[in-house]
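As structure tokens, the structure follows; a few thoughts come after it.
Note that this is a predicted model, so its numbers are computed, not measured. Convention: sequence-line order gives letters A, B, ...; per-chain numbering from 1.
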Amino acid sequence: MEAFNYRKAGSVDEALVALNGADDGKFLAGGMTLLPTMKQMLATPDTLVDLAGASELVGVSRDGDTIVVGAMTTHAAVASNSDVQAAIPALAALASGIGDPMVRNRGTIGGSIANADPAADYPAAVVGLNATVNTNKRSIAADDFFLDVFETALEEDELVVSVSFPIPLKAAYRKFPNPASRYAVVGVMVAQSAEGIRVAVTGAAASVFRADSFEQALSADFSAAALEGLSVDSDNLNEDIHASAAYRANLVGVMTKRAVAAC
Amino acid sequence: MSVSVSMTVNGKAVAAEVADETLLVTFLRDDLRLTGTHVGCDTSQCGACTIHVNGSAVKACTMLVAQADGCEIDTIEGVSDGETLHPMQQAFKDNHGLQCGFCTPGMVMSALDIVKNNPSPSEQDVREALEGNLCRCTGYTNIVRSILAGAKDMEAR
Ligand SMILES: Cc1cc2nc3c(=O)[nH]c(=O)nc-3n(C[C@H](O)[C@H](O)[C@H](O)COP(=O)(O)OP(=O)(O)OC[C@H]3O[C@@H](n4cnc5c(N)ncnc54)[C@H](O)[C@@H]3O)c2cc1C
Ligand code: FES
Ligand code: FES
């Protein structure tokens, strides 16, 4: 790893000052993505600003019909939180299926969504549950947050503070995991709320997307049978050693049906 | 740049001045000479470097020393009671839970984390919780058997 300066921030304000004072600074959350990336020299920041000391970024709270998860809350903490388990069991289950226990003990929701890996699980929860990403500057609607491969609406000096998840009537997440890493080859969050049905797909394309035709079919008839004969176009889907685009397109249908059946 | 850190490692207070980019596993192995914590992949995949930080299993190759400042660290060296093996270590020995032994320190540290969260795990629980630990030798069957036996022994005590 290249040399860099480590800065520990005790608060969001301190973190922003430290980042703005650096030439090429990056926030450090769980480090589960950033440190391996730096070891491979795919990122060479001159400063890492550790957010672990900013206690206002940690924890889960229930605020009326919303579950608010602080950016530095680990996957393990989300998975085991009793409010999340009671209000949005699909979110707790999704967090408990990320990577492995050691990754879940360090990795955070803020790091995961800021990183926007096309195969990450949380993007399906954020978009499927129609969450709002709260930053130090503004609140960003889920549909506007994820832009492309490893690209979000976040600006350079913008920090994810928390994610607000409206509590759905029902929701379920199903993924076809990569057998080695557990990243989603395809993962689908299906959620039903007073506003309607959302079907968010991760792993299949450059970025999480909503399967519109599936949402329409499920709005008319919320059953796996309603999806018979429907498919997503494989044209823009990912193709790699793990799965062809056509296979991923098929998996989107299969995972959506399983999620609907589990709702 | 360097950073001064202090932490507790296997119950002993440790203070040091290290380069900012020093990995926790490097510090444990090269500076403290606690070489039981292994580096199998250095890419966060294999779990041979698993230790406990404030009681939770983490991969020491994917954490900076600076991030461990003020923390309580437990490594495989702190598990036995002198020459007397911990029940989980004894279970690995009794059940042939290791062959070359390279993955074993990480396996034992993960095993202790599994039992802490779930004192009487099922075979399926153990298999799922070992997702982050790779073994090139055993085929896992005897590791799972060891952990189930170790969990029973720990509960019995
Ligand atoms: C072996 C392994 C298996 C994995 N399997 C899965 C899996 O199955 N599913 C899955 O979804 N993920 C998986 N991951 C990724 C894991 O979930 C990471 O924890 C996550 O992607 C990044 O979170 P982090 O807290 O570690 O962030 P870091 O690595 O610390 O940071 C990642 C990026 O986000 C930025 N950042 C961090 N926090 C903030 C913030 N609050 N505001 C703005 N920017 C921020 C950082 O600057 C950096 O660019 C796996 C990782 C490993 C090593
Ligand atoms: S050496 Fe740390 S996970 Fe392999
Ligand atoms: S015993 Fe050789 S790697 Fe597990």
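- With a 4.5 Å cut-off on non-hydrogen atoms, A:Leu28 touches chain B through its side chain but not through its backbone.
- For B:Glu72, the CD atom is loosely surrounded, since the number of other residues' heavy atoms within 6.0 Å does not exceed 12.
- A heavy-atom distance below 4.5 Å is not found between the side chains of A:Lys39 and B:Thr43.
- Contacts between B:Thr50 and chain A at a heavy-atom distance below 4.5 Å involve the side chain alone, from C-beta outward.
- The contact list for residues 15-28 of chain B toward chain A, using heavy atoms and a distance under 4.5 Å, reads B:Asp20, B:Glu21, B:Leu23 by residue number.
- Of residues 86-103 of chain A, those residues lying under 4.5 Å from chain B by any heavy-atom pair are A:Gly99, A:Asp100, A:Pro101, A:Met102, A:Val103.
- Contact of A:Pro179 with chain B is made through the backbone alone, with heavy-atom distances under 4.5 Å.
- Side-chain atoms of B:Gln67 and A:Leu35, non-hydrogen and from C-beta on, do get closer than 4.5 Å to each other.
- Minimum heavy-atom separation, B:Thr62 to A:Gly31: CG2-O, 3.5 Å.
- Counting heavy atoms of neighbouring residues, nucleotides and ligands inside a 6.0 Å radius, atom CZ of B:Arg127 exceeds 12 of them.
- For A:Glu2, the part lying under 4.5 angstrom from a heavy atom of chain B is the backbone only.
- Crowding of A:Lys26 atom NZ: a count of heavy atoms from other residues, nucleotides or ligands under 6.0 Å not exceeding 12.
- With chain B as partner, the option from A:Ala3, A:Ala180, A:Ala52 having the largest number of non-hydrogen pairs under 4.5 angstrom is A:Ala3.
- Without hydrogens or angle criteria, A:Asn105 side chain to B:Val58 main chain gives no donor-acceptor distance under 3.5 Å.
- Between chain A and the residues B:Ser2, B:Ser110, B:Cys61, the largest count of heavy-atom pairs under 4.5 Å involves B:Cys61.
- Rounded to the nearest 0.5 angstrom, A:Met32 CE and B:Lys59 NZ are separated by 5.5 Å.
- For the pair B:Leu64 and A:Phe4, the minimum side-chain heavy-atom distance is below 4.5 Å.
- Only the side chain of B:Asp113 comes within contact range of chain A, with heavy atoms under 4.5 Å apart.
- For A:Asn5, the parts sitting under 4.5 Å from any heavy atom of chain B are the backbone and the side chain alike.
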